[in-house]
There are 2 protein chains.
Amino acid sequence: MHPLRRVRIQPDMDFEKRLEWFRNECAAAGLPCTHQREVLYRALVEAKDHPSPEMLYERVKRKIPSISLGTVYRNIKIFLDHGLIGEVSLHHGSLRLEANNEPHHHLVCRHCRKMFDLPAAGVHAIRLRRALPEGFQVERFVVEAHGLCQECAAPKKRRSN
Amino acid sequence: MHPLRRVRIQPDMDFEKRLEWFRNECAAAGLPCTHQREVLYRALVEAKDHPSPEMLYERVKRKIPSISLGTVYRNIKIFLDHGLIGEVSLHHGSLRLEANNEPHHHLVCRHCRKMFDLPAAGVHAIRLRRALPEGFQVERFVVEAHGLCQECAAPKKRRSN
DNA sequence: ATATGTGCAAAGATTTTGCGACCCT
DNA sequence: AGGGTCGCAAAATCTTTGCACATAT
């Protein structure tokens with residue numbers, strides 16, 4: 001056919017690649033790649049708004065009206081456990097508070113989720129390389145250093161240093 | 001008395017200053033400074049572990065056994081609304097997800113809490129000024145730029161530019 | 001004195017889980 | 001065929017709220 005037609009970019013091309021990756025990851029993890037999981041994963045890839053489980057449920061239901069919210073939650077957890085998707089904050093689920101009003105950042109253990117304060121003076125000022133999108137007015141930068149705390153990093157039986 | 005005695009640092013001195021500030025803030029906001037609020041605020045100042053409402057409830061109950069969890073929640077919300085304390089994450093309350101596995105940071109609107117992605121390339125690498133405490137092993141830095149999005153920054157009636 | 005806060009308990013919101021039927025490999 | 005998943009509904013968490021009484025200024 002017409003050459004111009006053939007090179008036209010497919011909007012779903014990127015998703016097809018991701019889907020292939022997703023299927024490989026599922027196979028590698030021994031996870032059955034069910035229709036529900038594929039549709040849910042697609043909804044996640046296409047979402048640009050960091051959706052909540054409930055929002056995903058609404059979207060997936062348009063494709064699979066019989067799907068249940070429990071399945072959405074179950075699969076989200078499985079995806080997270082296998083690193084197929086990410087969660088925006090490591091501290092959802094319960095409000096966590098602090099009275100420390102000095103500027104500071106946080107160290108967060110990705111395993112036990114304990115948090116430690118990191119005085120702002122310990123981090124060089126954040127500098128942007130390019131303009132922000134969409135007229136967003138930044139008031140402050142909050143840095144979270146994610147990693148493992150001493151306890152969680154230590155092997156179960158520690159032998160020396 | 002003995003001069004050395006008189007300069008000894010009081011462990012609560014810092015808290016006393018903060019309590020005074022707290023009382024002034026309450027007065028300025030027209031908030032009655034009740035016993036429950038003072039004890040709750042003290043628990044927050046003394047906490048070093050970014051406590052949840054439930055954890056605070058347990059601690060405050062040791063001083064005021066009759067206090068209710070509802071009061072703890074109510075006052076936490078009031079403290080937050082008046083900027084007397086801070087919350088660790090702007091996204092508690094509901095899990096928020098993303099399939100974007102490219103390194104990136106987030107812009108978060110402190111008002112409507114919408115999030116926008118900020119490619120990692122848009123931010124200079126984070127550099128630490130000093131060693132981290134306690135053997136913490138950092139794997140990655142996550143930056144949140146907090147501020148106001150275009151919609152929330154705009155005055156209700158926009159006139160020009 | 002009066003407006004506001006408090007304790008209690010019920011309601012609302014969010015997330016997890018047990019169970020029998022069903023689907024991927 | 002068989003282990004894991006699905007839909008459903010109940011349970012477990014986390015948070016908010018209405019009401020009658022108590023408290024701060």
Side-chain angles (χ1 to χ4, degrees), chain A residues 19 22-41 43 50-82 84-85 87-97 113, chain B residues 19-20 22-43 50-82 84-85 87-97 113:
Chain A
L19 181 56
F22 175 77
R23 285 177 172 146
N24 287 338
E25 291 290 318
C26 283
L31 289 174
C33 193
T34 65
H35 183 221
Q36 285 86 340
R37 281 181 184 154
E38 283 196 10
V39 172
L40 181 55
Y41 183 69
H50 309 86
S52 67
E54 190 79 34
M55 291 157 81
L56 285 169
Y57 174 57
E58 291 304 326
R59 292 169 201 184
V60 169
K61 216 162 43 169
R62 295 202 281 260
K63 297 282 181 61
I64 311 176
S66 67
I67 201 170
S68 76
L69 186 54
T71 293
V72 172
Y73 269 101
R74 245 183 316 231
N75 284 322
I76 284 172
K77 180 142 280 190
I78 289 170
F79 291 177
L80 286 172
D81 287 346
H82 289 82
L84 300 174
I85 61 172
E87 56 191 317
V88 161
S89 166
L90 258 24
H91 334 286
H92 65 274
S94 180
L95 187 56
R96 303 298 289 275
L97 305 156
R113 309 224 162 178
Chain B
L19 181 56
E20 195 182 320
F22 175 78
R23 286 176 171 147
N24 287 339
E25 291 291 318
C26 284
L31 289 174
C33 192
T34 64
H35 183 220
Q36 285 87 338
R37 282 179 184 156
E38 284 196 8
V39 172
L40 181 55
Y41 183 69
R42 169 168 224 139
H50 309 85
S52 67
E54 190 81 33
M55 289 156 81
L56 285 169
Y57 174 57
E58 291 305 324
R59 293 169 201 184
V60 168
K61 214 160 47 167
R62 295 203 281 262
K63 298 282 181 61
I64 311 176
S66 67
I67 201 170
S68 75
L69 186 53
T71 294
V72 172
Y73 270 101
R74 247 183 314 233
N75 284 323
I76 283 172
K77 179 142 281 188
I78 289 168
F79 290 178
L80 286 172
D81 287 346
H82 288 82
L84 301 174
I85 61 173
E87 57 191 315
V88 161
S89 166
L90 257 26
H91 334 285
H92 65 274
S94 181
L95 187 55
R96 302 299 288 275
L97 304 157
R113 308 222 164 179

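Protein chains get the first letters and strands the later ones, always in sequence-line order, with residue 1 at the start of each. This one's a predicted model, so the numbers in the text were calculated from it and none came from an experiment.
- Heavy atoms of B/S52 sit nowhere under 4.0 angstrom from any nucleic acid atom.
- Nearer to the 5' terminus of DNA chain D, by closest-nucleotide assignment, is the contact made by A/I64 (compared with the other of B/G70 and A/I64).
- Residue contacts for A/E54: at a heavy-atom cut-off of 4.0 Å it reaches no nucleic acid atom on any strand shown.
- In this pair, B/Y41 and B/F22 present their aromatic rings parallel. The plane angle is below 30°, not in the 30 to 60° band.
- An OP1 or OP2 oxygen of D/dT15 is reached within less than 4.0 angstrom by no side-chain nitrogen or oxygen of B/K77.
- Residue B/T34 places none of its side-chain N or O atoms closer than 4.0 Å to OP1 or OP2 of C/dT4.
- Residue A/S94 places at least one side-chain N or O closer than 4.0 Å to OP1 or OP2 of D/dT15.
- Residue B/R74 is classed as a base contact, given a heavy-atom separation below 4.0 Å to a base.
- Proximity of B/Q36 to the phosphate of C/dG7: a side-chain N or O atom is located under 4.0 Å from OP1 or OP2.
- Atom CD in B/E38 sits about 14 Å away from atom C1' in C/dG5, given to the nearest Å.
- Checked against D/dG7, D/dC6, C/dT15, the side chain of A/L69 finds its nearest nucleotide in C/dT15.
- Looking at the side chain of A/L31, the nearest of the listed nucleotides D/dT25, D/dT5, C/dC8 is D/dT5.
- Map B/N75 and A/P32 each onto its nearest nucleotide of DNA chain C; the residue landing nearer the 5' end is B/N75.
- Side-chain nitrogen and oxygen atoms of A/S66 include at least one within less than 4.0 Å of the OP1 or OP2 phosphate oxygen of D/dG7.
- OP1 or OP2 of C/dT15 sits under 4.0 Å from a side-chain N or O of A/Y73.
- Neither OP1 nor OP2 of C/dG5 sits under 4.0 Å from any side-chain N or O of B/T71.
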